[in-house]
Amino acid sequence: MKPSPNCLPELPALLAFGAHPDDIEFGCGGVIARATRSGCSAHFVVCSRGEAGSHGSPAQRTAEAEKSAALLGATVEFIELDGDAHLEARAAHAIKLAGILRRVRPDIALAPSLAGNQHPDHRRLGQLARDASRLARYAGVPELRASPPHAISQLLFYAVTPEAEPADLARVLIDVSPPEIVAAWTAAMEAHGSQTAARSYVELQLTRARLNGLRAGLGHAMALFPSDPCVHDSLAQLGRGARHF
Ligand SMILES: [Zn+2]
């Protein structure tokens, strides 16, 4: 992976897209915590203020997301697309996201999975992020000519809920076991108090990570789903498989 100017030479810079103010933290917050504490940069792009949710005002949810991103060592920006619960997969949105990829120039992008059985904004944002990753590479898109093309190394999908885990993609497990990582991730999730007061979201995510961890002989692990096959220079880079029982 090529070095990024945003972080240490061997570490990838991350950009995570979220449809709602808490998606990134619940879907891949442990991975972010582990990365930033290793010296990576991470930037969040949140595409609504959760205004269609059952709990919390847009202002409250914005403040929660800002606090949560800070706890994870990430920066965050909010963008306007179609609004919460109204997101459509449109070329103009993909181009807008491609422009952000060209500005931030991450190595790795994270986005919600394309699985059907979840909030429709998640699925559509995943689609838009995949399209944006492609358009960011193309030199001839007129709206993007202000900044040079940028090719990310990987687009990784995260699953906000168990139902959103794509059955058709292989998973990679990221070890988030160190206690300080679990603590930072937990604090970031708990920062979304308007949501965690209503349902056991934190317990759900920690339990999912614990199950992944147990399957891999680890404490906690989070699953990510590469949009494209991972390329390795040799078998030695593959790491081990997750079968532990
Ligand atoms: Zn959401």
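Everything numeric here is computed off the predicted structure, so don't read it as measured data. Residue indices begin at 1 and follow the sequence shown. First listed ligand is number 1; within each ligand, the first listed atom is number 1.
- Residue D121 does not count as close to the Zn ion (ligand 1), with no N, O or S atom under 2.8 Å.
- With hydrogens and angles left out, the side-chain atoms of T196 and E190 include no donor and acceptor closer than 3.5 Å.
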- Residues R90, E88; criterion salt bridge (Lys or Arg N to Asp or Glu O under 4.0 Å); working and verdict: CA-CA 6 Å; R90 292 196 253 151; E88 295 179 17; 3.7 Å; yes
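- Listed here is the closest heavy atom pair of S113 and A164: OG-O, 2.5 Å.
- The two atoms that bring F78 and A65 nearest to each other are CZ-CB, 3.7 Å, heavy atoms only.
- Distances from the Zn ion (ligand 1) to the N/O/S atoms of H20 are shortest for ND1.
- For H122, the nearest N, O or S atom to the Zn ion (ligand 1) falls under 2.8 Å.
- The atom of D23 nearest to the Zn ion (ligand 1) is OD1, with the search restricted to N, O or S atoms.
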